[in-house]
Amino acid sequence: MMIALAITSSYLIWFGLIAPYANPAVVASGTADLRFVAAAIGPPAAFVLILRSALRVRSVPSLVQRVSAASYTIYVLHLPLVVAINLALRDSMVNIYFIYVISVIISASIAFAFHEAIVSRSLILLLVLNGNVKRHMAKNARIGASISHQNEDAEIRFIPGVTATPGLQAPEHDLDFAQRL
């Protein structure tokens, strides 16, 4: 944060107090140097700040997780939807910027709903539009594990197509032992 504050204050001081009263050659040289230093220091500082913030996050709200899971679907589908909505509304007597804002909101909502209703339930679409199926398979494995723990007598119970591995259904004391190792 200190680096961002230093870069911002340097810009304000340079362009507000020094550059208006300096020789144009000095202004050109100083502006180039200031922009070079800010471009060299700013992005790594922003990366460290974002990484530090990400490492401190302990829980993510459910809505944020769902929108994050749907982000690529939204990315892929929003542009065709925006174009279609803009074309449908082009003859209306509403401001074009208002139409654009409304079309972006509507297209993002439709793409998110498409992801929730169709993509998240299809392994093929989940692979194509999100690049992996691990999350879906892990969710099914947890469901299978909870089903098998309902029966205390069953040591290991493998449910084909639901659980990823029979090792997930080991008794609790075996899990504690494995975690201590």
Side-chain angles (χ1 to χ4, degrees), residues 1-12 14-15 31-32 34-147 158-165 167-168:
M1 287 301 290
M2 296 304 290
I3 292 173
L5 184 62
I7 291 171
T8 303
S9 61
S10 297
Y11 270 97
L12 291 174
W14 178 256
F15 289 111
T31 301
L34 179 62
R35 288 185 175 162
F36 175 76
V37 170
I41 295 174
F47 171 76
V48 168
L49 180 66
I50 292 168
L51 182 63
R52 186 190 70 175
S53 298
L55 292 175
R56 288 188 177 181
V57 171
R58 295 291 174 225
S59 65
V60 178
S62 174
L63 180 63
V64 173
Q65 288 178 350
R66 289 173 43 208
V67 170
S68 296
S71 63
Y72 188 67
T73 306
I74 294 170
Y75 171 75
V76 169
L77 296 178
H78 86 278
L79 183 60
L81 289 169
V82 165
V83 169
I85 294 168
N86 281 338
L87 287 174
L89 297 175
R90 71 178 170 208
D91 293 333
S92 67
M93 294 298 186
V94 182
N95 186 334
I96 59 171
Y97 296 113
F98 181 73
I99 290 173
Y100 181 74
V101 169
I102 293 300
S103 67
V104 167
I105 292 169
I106 291 172
S107 68
S109 300
I110 291 171
F112 179 71
F114 179 78
H115 178 83
E116 288 287 309
I118 297 170
V119 173
S120 64
R121 290 173 171 76
S122 167
L123 289 176
I124 294 171
L125 287 176
L126 196 60
L127 177 65
V128 171
L129 291 176
N130 284 58
N132 66 22
V133 293
K134 294 176 189 171
R135 184 177 355 188
H136 186 71
M137 291 174 68
K139 181 175 130 184
N140 286 344
R142 284 194 304 274
I143 291 169
S146 66
I147 291 170
F158 181 69
I159 303 170
V162 176
T163 55
T165 174
L168 291 174

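- Within 6.0 Å of atom OH in Y11, more than 12 heavy atoms from other residues, nucleotides or ligands are found, so the atom counts as buried in its surroundings.
- How far OG1 of T8 is from CG of L12: 7.0 Å, rounded to the nearest 0.5 Å.
- Of all non-hydrogen atoms in S10 and L34, the two that sit nearest each other are CB-CD1, 3.8 Å.
- Here the straight-line distance linking atom CZ of F112 with atom OG of S71 works out to 11.0 Å at 0.5 Å rounding.
- Taking both residues in full, the closest heavy atoms of A39 and P43 are given as O-CD, 3.0 Å, listed atom of the first, atom of the second, then distance.
- Atom CZ of F98 sits in a sparse spot, with 12 or fewer heavy atoms from other residues, nucleotides or ligands closer than 6.0 Å.
- For the atom pair CZ of F114 and OG of S109, the computed distance is 15.0 Å after rounding to the nearest 0.5 Å.
- Taking the side chain as every heavy atom from C-beta outward, S92 and I99 approach each other to under 4.5 Å.
- Here I74 contributes atom CD1 and L81 contributes atom CG; the two are 10.5 Å apart, rounded to the nearest 0.5 Å.
- Taking OH of Y97 as the reference point, atom CD1 of I102 lies at 16.0 Å (rounded to 0.5 Å).
- Between the side chain of S122 and the backbone N or O of V119, no donor-acceptor pair lies under 3.5 Å.
- Of the possible donor and acceptor atoms, none in the side chain of R121 sits under 3.5 Å from a partner among the backbone N and O of H115.
- With rounding to the nearest 0.5 angstrom, the CG atom of L87 is 10.0 Å from the OG atom of S103.
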When you look at I118 and L125, which way does the side chain to side chain contact (heavy atoms under 4.5 Å, CB included) test go after all the steps? CA-CA 8 Å; I118 297 170; L125 287 176; 3.6 Å; yes
